[in-house]
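Convention: sequence-line order gives letters A, B, ...; per-chain numbering from 1.
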Amino acid sequence: MKRLITVLIPLCILVLIFILLPKSENNRVTLSSIDDLNGLTVGMQNGLNYDLLLKDRCPDAEPILFSDFSAMNQSLLQGKISALLTESVSFPTDKIEHPSFTALDGSLDKVGNHLILKNDGKGRALAAELNEYIAAYTEDGTRDELFSYWVTNYDRGNVTVDKSGITGENGVLTFVAEAGYEPACFAGNDGELIGFDVDFIYHFCREYGYEPKIIPLDYDAMSAAVVSGRCDAAIGVVMDDEREEEVYFTDTYYYYDVIAVYNGDDVESGSFFENLKSGLYKTFIRENRWKMFLEGFETTLVIAILAVVFGSGLGLLLYLWCMHGKKAELKFTSGLCWLMSSTPTILLLMVLYYIVFSKYTLSNVCVAVIGFTLRFGCVFYERIVSGVKAVGIGQEEAAISQGFSRNQMFFRIQLPQAKRFFMSAYEGDVISLILETSVVGYITVMDLTKMSDLVRARTYEPFFPLIATALIYFLLIWLMTLLVRQLFALWDKAGRMSKASLEKLKDIYNA
Amino acid sequence: MSTPLADVNVTINEGDIIAVIGPSGTGKSTLLRCINLLEIPTSGQIFVNGEEITSPKCDLRGIRRKIGMVFQSFNLYEHLTVVENCMLAQTILLKRTSKEAYNKSMELLVSVGMDASAFKYPPELSGGQKQRAAIARTLATDPEIILFDEPTSALDPLSVREVELVIEDLARQGRTMMIVTHSMEFARRISNRVFYLDQGGIYEEGTPQEIFEAPKKILTQKFIHQIHSLKMILKEENRDTPNEFARIVSFCKEYEIANDRIFNVCNIFEESMNILRMYAYGEERAVSVILDYDKASNNLQLSFVPHSLSTAPDLKQTILESIEYKLLMYNAKEYRTEPSENGAGVQYIFSI
C-alpha cells in the first residue's frame, strides 16, 4: 500500500502539471484548396506513400510521418501540424469525433484496396476465387450496397456484420487485418471485429463455403504473416511495388480518395471534468470496452507469469548443465545468451513466429511465451553466474571437502547466497519483461497494449486509453514484484528451522 | 596457482600428527589439498585407508566425508548460523535427524567455546571465533583425518592462541591430523612428525627434535635458523658495482643491521672482489657472492665462491696488507676457507 501511495503522488503531480501547463500556441490556418498546403507541415501515416502524392501536388509542403492515427489527429488539434492526409472512407467518423476538422475539396489520388496472398499455387488459387468474387460483387451492386452501409450512410454505433450462413464446407481461412481502422475493420461491441473489410470477407466466405477467422495485426507485419503461411490472406493493403515482389495482389475490392483535412472553426470544448467523464465513458463503458482491457490484461499476465516461471527454470537448467559440463556446454550457453541479449525483442518474436515455428501449429501466445522464456532464461542464467561468483570459491571448496555433491553444494550453499546478490536485479528483470511484452501485437497476440490501441482507434482520444493502460501496467508490475518478493521470503525460510524450534531439540546440552 | 610437487613418497600412519613446514611457494598447501583431491595430481597415486582415491572408480565423496578440512579463510557458509553450519552436512550427508545433529553440534560448540554464539551468523564473528566454528563444523561429521591449511595465518595474535589451544586439545585426543603452518613453535609443540618441504618434494622429514634441534640438510638448517640469503653472481664483463652495493645495503637494512656493520660488509666485499679480480680470476672471470643473515644468532656471513681460480690467495692477509696502505677499517670476527661443491672448489667465508 505504501508503495502504491509513493507512486501515486508523483503521478498526481505529473497530471497536475499537465493540466496547469500553458497550452502551446495554436498555429491554425484556414485553407481553401489543396494547393494551399505548399509551405505547410502536413501529417500522414507512414507505409502508405502519401508523401509521394503530396510531393507531386505541393512540392513545398513538409510531410510529417506518423505511425499512429490518433496521435496524428491529436497533433492537428493541437496545431503541431497544419493539415493531414487521410482517406475519404474514414473521414466521416473522424469528423464525428472532431467536428472542427474540415476536408478540402478534391482528391490527391484515387487508391485501390487489395488483399494480398502468398505467391504460390494455393495462394494464387484462392486469389482467383477472390478476383472472381470481386468482379461479381462489383457487377451485381453488392459493393455499392456495402459502401453505402459502411461509408456513405454510416450509422455509427448501430452497425453489425451479418455472420450467418457460414457453412465452412471448404475449410477455414485465416485473414489478418489492421484492426484499428474505422470503418474498414475495428472493434465493436465487446471487442468483436466488424467493418467494411469484415463484411466483405463474410460475403465472400458465405458464397464460397469457407469459414473465416480474422486476426488483428499491425500493417508492417502483414507481408511476413502472408509469406510465412501464418495466414491465408491479408486484407486492406495498398499496392506497392516492393510488396508486389514478395506477395500476390488481388484486384481492387474498393476504391477511396486521398483527401486533405485541416482544423477549421474552433468548437467549444467542455470543461476538464466533462472531458474526463466523457473520456472515461468512451474508453471503458461504451460497447463494453472494459472487457477488451480485461482480456488484454489477462493475456499479458499469462505471458508474463509463464515466461518468468519457465525462464527461471531454463536459467537454472542452463546453469546446472554448464556446471556439470565442460567447455562446449559453456560456449553454447554463452553464445545463446549473447544472441538473446543482442536481438531486439520484436525481431526475436517475429523470427520465432514467422520463420522458426511457421510450420508448426503453435499458437501465437505459445510463441510469445517461448520467446520471452528464452530471453528471461538467458538473463537469469547470467544473474546466477555473477551471483555464484560473488559467493566465492572458498565455500565451494569447504562444501566439496565435506563430501557434498555438486548439486547439493549449488542448491544448499551457493544458490541461497547468490540469491541475495541477484534478488533486486531479478525484480528489475521481471519488470522489464512485463514492459517488453507490449510488442507481442506484432505476432497477432491481443495483449494489453494492442487492446488499448484498438480502443484508441475507436475513441480518437489518446489520453484516457494511454493513461489507463499505463495504470494497468503499473498495477501488473506492482502485483508481480509483490509476488516475487513473497516467493523470495518464503525461499529464505524453506528447509531451515527457527532458533526457537531448534532450541526445543536440545537434551544433552541442557542436561 | 598451485606449485608443482615433483616427487612425494610418504606414508602417514593412524594417529600421526604431522606438521608441514617450509618456505612459501614450495607446495605445502598443494600437498594437503591432494589428500582430499581438492587439487588433482597430474600423476601418481594416493591411498586413503587402503583405497586409491586417484582411481576413477573411487567413491570420492565417501572418502571426503572421512577427511575434515579447516581452511585459512574459514569458509563458513555465510547464509547459515553457526549451529546450522555444523548441522548441514550431518543432516544431508549422514542422514542424522535434526535432533541428533543439533545436539552433536552444540556439544562440539561447547568444546570449542562457541556455544554462546551458536545462533550468530558468520559475519558477526571475530576471526578466531570463525575458525573455532569452522573446526566444530569439521568435527561434526566425525572425520578420521583432519587437514589444517594454515589455520592461524589470517588471525590476530590473540585469536591465534584461541585456535591453537583448540587444535592442541584435538591433538591430545589422538586424532590423525596434518597441519600446514608458518609457526614453527606451534609445529614443534603439536606434532610427532615434521615434513620440511622444498625443492619440489619432502626435502627432510623427522621428529620435531630432529628437525628443529639438529636439521641435517642445508636448506632445512637455513629455514629453521631463519637464515636469509642474498645471492649474487658477478661476471667480470657485465658488472654493475653501484647496483651490487645497493642490493647489499638494502638486504642489510631489511634485517635492521647497524650501519657500521653494513659499512664493514661493503668494505670487505669491495676489497675481496678487487683481490680476486687482480690476482686470482681463472678463465671464467666470475664469482658467486652469498650474504647470509642468521636472525637467531645475529650472525652475518659473507662468502665468495670463485668459478675458477689461477692462484688461491689468502683474502684476509691480502686485505690487511692493502688496508694499511688504504687506511681502511677491517673488522671481521672470523675468516675461513672451506671446500665448495661448485666453482673452483673453494669458498672464502667472512663472519662479520
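If you measure heavy-atom distances from Glu397(A) to chain B, the contacts under 4.5 Å come from both the backbone and the side chain. For Val83(B), the part sitting under 4.5 Å from any heavy atom of chain A is the side chain, from C-beta outward, and nothing else. Looking at Arg412(A), the atoms closer than 4.5 Å to chain B (heavy atoms on both sides) sit in the backbone and in the side chain alike. Neither the backbone nor the side chain of Leu147(B) comes within contact range of chain A, judged by heavy atoms closer than 4.5 Å. Residue contact with chain A, scored on non-hydrogen atoms closer than 4.5 Å, involves the backbone and the side chain of Ser98(B) alike. For Glu84(B), the part sitting under 4.5 Å from any heavy atom of chain A is the side chain, from C-beta outward, and nothing else.
Note that CG of Leu93(B) and OG of Ser405(A) are 8.0 Å apart. Values are rounded to the nearest 0.5 Å. Rounding to the nearest 0.5 Å places NE2 of His79(B) at 6.5 Å from CZ of Arg496(A). Interatomic distance, Leu38(B) CG to Glu396(A) CD, rounded to the nearest 0.5 Å: 9.5 Å. We find the OH-CD distance between Tyr77(B) and Gln414(A) to be 10.5 Å, quoted to the nearest 0.5 Å. Of the inter-residue distances, the one linking Gln402(A) atom CD with Arg64(B) atom CZ reads 12.0 Å to the nearest 0.5 angstrom.
Nearest heavy atoms, Ala398(A) versus Phe71(B): CA-CE1, 3.6 Å. Shown here for Ile92(B) and Gln408(A), the closest heavy-atom pair between the two residues is CG2-NE2, 3.4 Å. Pairing each heavy atom of Ser401(A) with each of Met69(B), the nearest pair is OG-CB, 3.9 Å.
The local environment of CH2 in Trp338(A) is sparse, with at most 12 non-hydrogen atoms from other residues, nucleotides or ligands closer than 6.0 Å. Enclosure of atom CD in Gln173(B) by more than 12 non-hydrogen atoms of other residues, nucleotides or ligands within 6.0 angstrom is indicated. Summarising the local packing, CZ of Phe332(A) is surrounded by 12 or fewer heavy atoms from other residues, nucleotides or ligands at distances under 6.0 Å. Around the CG atom of Asn13(B), the shell of radius 6.0 Å holds more than 12 heavy atoms that belong to other residues, nucleotides or ligands.
Put simply, of Val391(A), Ile400(A), Asp492(A), the one with the most heavy-atom pairs under 4.5 Å next to chain B is Ile400(A). The candidate with the highest count of non-hydrogen atom pairs below 4.5 Å against chain A, out of Leu109(B), Leu76(B), Thr81(B), Asn36(B), is Leu76(B).
For Arg96(B), the salt bridge (Lys or Arg N to Asp or Glu O under 4.0 Å) test picks out Asp142(B), with sequence neighbours left out.
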